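Keep in mind the model is a prediction, meaning the values are calculated, not measured. Within every chain, numbering begins at 1; the chains are lettered A, B, ... in the order of the sequence lines, protein sequences first and strands thereafter.
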2 protein chains.
Amino acid sequence: MGESVRQEKGSSQTLKAVLGVRDLVFSGTIAPGERLSEISVSEHLGISRTPIRAALARLEQEGILEAIPSGGYSVRQFSVADVADAIELRGVLEGTAARLAAERGITPARQAALRHLVQQLDATVAGPVDGMDLDGYMAFNAQFHDMLGDLSGSRIVQRELERVMQLPFSGPSAFLNAQTSVPAFRASLVYGQMQHRAIAHAIEMREGARAEAVTREHARLARINLDFVLKDPALMERVPGLVLVSN
Amino acid sequence: MGESVRQEKGSSQTLKAVLGVRDLVFSGTIAPGERLSEISVSEHLGISRTPIRAALARLEQEGILEAIPSGGYSVRQFSVADVADAIELRGVLEGTAARLAAERGITPARQAALRHLVQQLDATVAGPVDGMDLDGYMAFNAQFHDMLGDLSGSRIVQRELERVMQLPFSGPSAFLNAQTSVPAFRASLVYGQMQHRAIAHAIEMREGARAEAVTREHARLARINLDFVLKDPALMERVPGLVLVSN
DNA sequence: TTCGCATCGATTGCATACGAGGGAGAAACT
DNA sequence: AGTTTCTCCCTCGTATGCAATCGATGCGAA
């Protein structure tokens, strides 16, 4: 063994361990609530216990693991209410980012980038109903939401925003995968895209309250999708982090 | 050496290391931006490198350290704008907690506890001008803000709220210490207490929007205090985490 | 039958040893 | 003299050994 390459989290062992444990959790190999033994994980991934330990601590901060008082970690359990709250929280933070962007103003360069991104989203949504480029939409959508953090002009807000979106089911693209086959889904996308445009417009116009309100409501689209997905167990499996949700 | 006691974070070595490094940073022993060597810290605290390592990783997540790309950590630097943003962010999250509490309603028991706490704050503020029980006020004030997280009824929101308040200068009592000697300070306290009552009333009346707005504005009292403290270098030293603020 | 205690095993937390990579300083070359 | 390169040392990342603790299980007593 031994291709330690440094770069803090850029490579090797600890990163491998983080990714490995994430997969172990999201693949459902380890049930929610189940204890996570350092040794078994170490043997399973073929990595020494030290990086495993670091990875576990990191994943606890990330929110998918929980520290057991007597030592060790277990897979965190989420309720449906928790998922709804996480979505609401993302909306609150994204809304704050949008408001700050509007209140403080953004540079012409960023304004141009924002407009360009909205146009790209427009073009994707305007595509054919069946053969829509969903992957492309998801990528642009993720870019849009990342950009909100940038535009806020606040490291602090951006950091917390990224933190909250680490929870797998609270990301802006979390429920897109599940709905590729649903017809009603398209209406949702079109509505969402109108909100994207409204957000961009509000930021340009320096309308802080509007930017915040629309961005919050935009996040709540995910809550509607959540309710929809919960009715169909087959769809649930397509949403990345939903294995952690219990009742 | 060797009184390892387990209890995860309840005692021993790792906790010692966390507290030790925190003190090292907040006492100004290590300047902002300065690199933090595992070995020197290890020798300075008389603790092995392994718990130091865990503590450093933890303090990075906490926000007072920063990972260096090539490895290791440095003390994070904050600007005045960062502090203002952290305060604003706390206001946003506390406001969300208050809104959720109002929208979802709180149990009669919690309502009684909230009223009781407001009365205690009232009594403290109503005391004599000079001999005011500032420590008591700070304790009740901290309780009030903790209670907002409880009342939200959301683990997710409460968790993030606690995270944001970990930053030393964004806590609700951060600037109280500095102003014990300032006469104008009393007006600020009275105003803040009126806001406390308004928040409690709005939650009881199920007025979500009001609860959120007032709570946000309440947090901005800290921003005013920040500006005030920044004018007087002597006061700055009395605010815990202000050594991390550069320009 | 149930409760309490003691002993044992498994697992975590801590310490230390080792290998590798990066930065600083010196030397040599232009 | 400036620049480049080489080398050495220091620090971090990783692996493993050891000890202490927690939980479980089995036995005994009420």
Side-chain angles (χ1 to χ4, degrees), chain A residues 1-22 24-25 29-31 33-62 64-76, chain B residues 1-22 24-25 29-31 33-62 64-76:
Chain A
M1 205 109 326
E3 47 191 80
S4 87
V5 187
R6 217 39 110 56
Q7 288 187 1
E8 179 58 17
K9 266 75 185 186
S11 74
S12 211
Q13 301 318 89
T14 299
L15 181 64
K16 271 193 203 171
V18 170
L19 298 177
V21 175
R22 263 209 212 110
L24 243 50
V25 170
T29 309
I30 308 173
E34 193 173 338
R35 184 166 192 159
L36 210 40
S37 163
E38 282 183 14
I39 297 180
S40 62
V41 174
S42 163
E43 288 171 355
H44 194 291
L45 296 179
I47 301 175
S48 162
R49 281 177 50 220
T50 306
I52 300 287
R53 195 168 188 67
L56 262 42
R58 189 185 175 81
L59 291 173
E60 186 221 351
Q61 291 297 326
E62 214 164 278
I64 71 173
L65 297 184
E66 212 168 18
I68 298 176
S70 65
Y73 298 92
S74 63
V75 178
R76 193 167 169 201
Chain B
M1 204 113 325
E3 45 191 82
S4 87
V5 186
R6 206 49 102 59
Q7 287 186 2
E8 178 59 16
K9 266 76 186 186
S11 73
S12 208
Q13 300 320 87
T14 299
L15 181 64
K16 271 193 201 171
V18 170
L19 297 177
V21 175
R22 263 209 210 110
L24 244 50
V25 170
T29 310
I30 308 173
E34 192 173 341
R35 183 165 192 159
L36 209 41
S37 162
E38 280 183 15
I39 297 180
S40 61
V41 174
S42 163
E43 288 172 354
H44 193 291
L45 296 178
I47 302 175
S48 162
R49 278 178 53 217
T50 305
I52 299 287
R53 190 164 195 68
L56 262 42
R58 189 184 174 81
L59 291 173
E60 186 220 352
Q61 291 296 327
E62 212 164 279
I64 70 173
L65 297 185
E66 212 168 19
I68 299 176
S70 64
Y73 298 92
S74 63
V75 178
R76 192 168 170 202

(Q) What is the distance, to the nearest angstrom, from the CD atom on B:Glu43 to the P atom on D:dC10? (A) 12 Å
Q) For D:dG13, does OP1 or OP2 lie under 4.0 Å from any side-chain N or O of A:Thr14? A) no
Q.
Quick check: on DNA chain D, is the nucleotide nearest B:Leu36 upstream (toward 5') of the one nearest A:Pro51, or the reverse? Name the residue that is more 5'.
A. B:Leu36
Q) Rounded to whole angstrom units, what separation is found between the OH atom of B:Tyr73 and the P atom of D:dT11? A) 17 Å
Q) Within this structure, what is the CD-to-C1' distance between B:Gln13 and C:dA15, rounded to whole angstrom? A) 10 Å
Q) Once you round to the nearest 0.5 Å, how far does CG of B:Leu65 lie from OG of B:Ser74? A) 7.5 Å
Q. Say you draw a straight line from OG of B:Ser37 to CD1 of B:Ile30; how long is it, rounded to the nearest 0.5 Å?
A. 9.5 Å
Q. With B:Ser48, which residues qualify under side-chain contact (heavy atoms from CB on, under 4.5 Å), at least two apart?
A. B:Thr50, B:Pro51
Q: Can you sort out the partners of A:Arg22 under salt bridge (charged side-chain N to carboxylate O under 4.0 Å, His left out), two or more places apart, ordered by chain and number?
A: A:Glu62
Q. Given atom CG of B:Leu45 and atom P of C:dC14, what is their separation to the nearest angstrom?
A. 14 Å
Q: Send over the distance from A:Ile47 CD1 to D:dG13 P, rounded to a whole Å.
A: 16 Å
Q | Test side chain to side chain donor-acceptor pair (under 3.5 Å) applied to B:Thr29 - qualifying residues, sequence neighbours left out | A | B:Ser27
Q: Take atom CZ of B:Arg58 and atom C1' of C:dG13, then tell me their distance rounded to the nearest Å.
A: 15 Å
**Q.** Under the side-chain contact (heavy atoms from CB on, under 4.5 Å) test, residues paired with B:Arg49 that sit two or more places apart
**A.** B:Glu38, B:Ile39, B:Ser42
Q) With respect to the phosphate group of C:dT12, does any side-chain polar atom (N or O) of A:Ser37 fall under 4.0 Å of OP1 or OP2? A) yes
Q: Find the distance A:Ile39:CD1 to C:dT12:C1' and express it as a whole number of Å.
A: 8 Å
**Q.** Length of the CZ-C1' vector between A:Arg35 and D:dC22, whole Å
**A.** 8 Å
Tabulate protein N/O versus nucleotide N/O from nucleotides 16-18 of chain D, keeping only pairs under 3.5 Å, one per line.
| residue | atom | partner | partner atom | Å |
| --- | --- | --- | --- | --- |
| D:dT16 | O4 | A:Thr50 | OG1 | 3.2 |

Q: Have a look at A:Arg58 and tell me which of A:Val18, A:Leu15, A:Thr14, A:Val21 forms a side-chain contact (heavy atoms from CB on, under 4.5 Å) with it.
A: A:Val18
